[in-house]
There are 2 protein chains.
Amino acid sequence: MARSSELAALARLLGDDTRARFCLALLDGRAWTAGELATLAGVSASTASEHLGKLVAGGLLVERRQGRHRYVQLAGPRVAELLEGLVAHLEPAPERPASLRTSRVSAALARGRTCYDHLAGRLGVAITDALAARGLLDTTAGFALTSDGVDWLTGPLGISPEDLRSSRRPLAKACLDWTERRSHLAGLAGARICDRLLATGWIKRIGTHRAVTVTPAGTEALRTLLDLDLTQLQ
Amino acid sequence: MARSSELAALARLLGDDTRARFCLALLDGRAWTAGELATLAGVSASTASEHLGKLVAGGLLVERRQGRHRYVQLAGPRVAELLEGLVAHLEPAPERPASLRTSRVSAALARGRTCYDHLAGRLGVAITDALAARGLLDTTAGFALTSDGVDWLTGPLGISPEDLRSSRRPLAKACLDWTERRSHLAGLAGARICDRLLATGWIKRIGTHRAVTVTPAGTEALRTLLDLDLTQLQ
DNA sequence: GGGACTCTTCGGTGTGGGCCGAACCGTCGG
DNA sequence: CCGACGGTTCGGCCCACACCGAAGAGTCCC
């Protein structure tokens with residue numbers, strides 16, 4: 001009984017159009033200022049401030065005051081997973097082909113994007129498939145990195161082994177993609193791969209949002225490292 | 001933008017105390033009548049009827065009219081996972097010991113319960129641990145049944161192999177437990193194990209809710225099959 | 001110090017929606 | 001055919017809350 005009211009309170013945080021817009025924007029994993037979010041959602045600064053207060057109090061967001069700015073960010077990977085889990089319920093028509101399902105404005109997002117801290121979209125799925133095809137990732141029942149997979153991350157990809165150790169966070173996790181309706185690699189390994197690809201300049205962000213694109217150097221590198229042909233992705 | 005309003009609409013379905021109560025009750029996976037839910041939540045029949053209309057229209061519940069009764073049920077395992085995912089966010093205090101965290105009224109639930117269609121609570125975690133200890137389940141990175149695990153399910157446990165084939169549903173999945181704060185086995189395999197243990201009479205439901213208890217025969221069988229000592233569970 | 005800027009606080013307004021009771025409709029059983 | 005019962009529909013009430021503008025607090029820069 002007590003639990004149901006807590007559940008309702010949590011859901012109510014996301015049950016408002018403006019707050020939902022904030023949270024979806026914040027799914028890019030970066031920090032936004034209160035003013036940016038107000039403009040994005042089309043509400044006044046005072047309204048945005050009240051909403052952010054509720055989201056922070058509810059534990060979905062964390063804030064950092066810096067000068068006259070209030071930066072907010074998702075409180076952690078679990079919040080991001082929660083949001084993507086909810087978003088995954090919003091595409092109840094798996095019948096139509098992907099080319100029709102994705103509108104032109106979101107075409108770049110469908111090609112490749114960050115999902116909180118890992119890669120999603122066709123790029124995320126393609127990398128996941130390539131890892132599975134080379135025996136680096138076991139997707140038969142749940143997602144699990146093979147020992148070859150761990151070696152590949154720390155060897156050719158150049159992730160340091162200590163970056164793959166975490167107290168609590170699972171190494172590999174499946175995250176359901178709402179444009180592809182397929183699982184892609186999340187968890188600590190997914191986040192580190194995304195970090196690494198951004199750091200090497202193999203992928204880069206488009207504009208200020210979640211969309212990412214693969215650079216020519218990245219296309220070549222992924223072909224060498226993963227036998228991955230990304231030419232049809234664009 | 002369009003997506004955010006859909007997200008808000010979905011969250012709003014769960015953002016009401018009464019509807020949240022309904023959904024948590026329905027997490028036992030069984031069908032309830034409208035009147036039962038109204039009594040449970042302490043609202044009038046007319047109010048309950050309106051809430052159920054919204055939950056069904058929103059795709060969270062499915063209904064079956066039978067005589068003068070309206071039976072409702074969660075629309076599927078994905079809805080159940082969504083709910084448990086939200087509930088998992090409600091225990092943000094992992095510091096206190098479990099014995100203090102669980103109130104007396106929910107002690108039976110903490111011992112063992114069904115989580116939609118699989119087992120949770122200390123029982124669910126104990127079985128998951130036992131499977132892992134015997135090499136039947138790989139929990140190192142994500143959850144994955146080993147081939148020994150599949151053999152054990154279809155052999156000693158007596159699940160027919162075709163019951164373990166599904167078009168879409170993953171065989172093994174990790175489900176986070178809100179009393180134990182540990183993962184336990186969900187997915188198709190988790191559901192079949194629960195079915196089987198109920199069918200053999202090794203576990204049985206307590207009253208009309210989600211709590212289950214292990215019978216003496218079940219205690220003995222699980223000791224034999226899994227080296228699992230359940231005497232301290234009660 | 002003064003002006004520009006970001007954000008917060010506080011009244012006040014309007015509306016969405018949760019709730020109930022009363023009336024009504026179907027179903028079941030005698 | 002009638003009463004009991006489960007569920008639905010409708011009208012009305014009322015509260016929660018999203019929203020804004022105005023005023024104010026804090027920060028930055030000239």
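Throughout, protein chains are lettered first and strands after them, A, B, ... in sequence-line order, and every chain is numbered starting at 1.
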Donor-acceptor contact below 3.5 Å, side chain T114(B) vs main chain L119(B) = no
Any chance you could list the contact pattern along nucleotides 1-8 of chain D? Use B for base contacts, S for sugar-phosphate-only contacts and - for none, protein heavy atoms under 4.0 Å, 5' to 3'.
-> ---BBSSB
Report which part of the nucleic acid D17(A) touches: base, sugar-phosphate, or nothing (heavy-atom distance under 4.0 Å, all strands).
-> nothing
Length of the NE2-P vector between H51(A) and dC20(D), whole Å = 8 Å
Run the numbers on V214(B) and W202(B) for side-chain contact (heavy atoms from CB on, under 4.5 Å), then give the verdict.
-> CA-CA 6 Å; V214(B) 184; W202(B) 292 349; 5.7 Å; no
Taking the inter-plane angle between the rings of H184(B) and H118(B) on a 0 to 90° scale, is it parallel (under 30°), tilted (30 to 60°) or perpendicular (over 60°)?
-> tilted
Would you say T47(A) reaches dC20(D)'s phosphate, i.e. side-chain N/O to OP1/OP2 under 4.0 Å?
-> yes
Provide, to the nearest angstrom, the distance between the NZ atom belonging to K54(B) and the P atom belonging to dT9(D).
-> 13 Å
Roughly, in whole Å, what's the span from CG in D16(B) to C1' in dC17(D)?
-> 14 Å
Would you check if R70(A) and S49(A) make a side-chain contact, meaning some heavy-atom pair closer than 4.5 Å?
-> yes
May I ask you to decide whether R12(B) forms a salt bridge with D17(A), counting only side-chain N to carboxylate O separations under 4.0 Å?
-> yes
Value in whole Å for how far the C1' atom of dA16(D) lies from CZ of R19(A) | 12 Å
R12(A) atom CZ is separated from dG16(C) atom P, nearest whole Å, by 18 Å
L37(B) and V43(B), any side-chain heavy atoms less than 4.5 Å apart | no
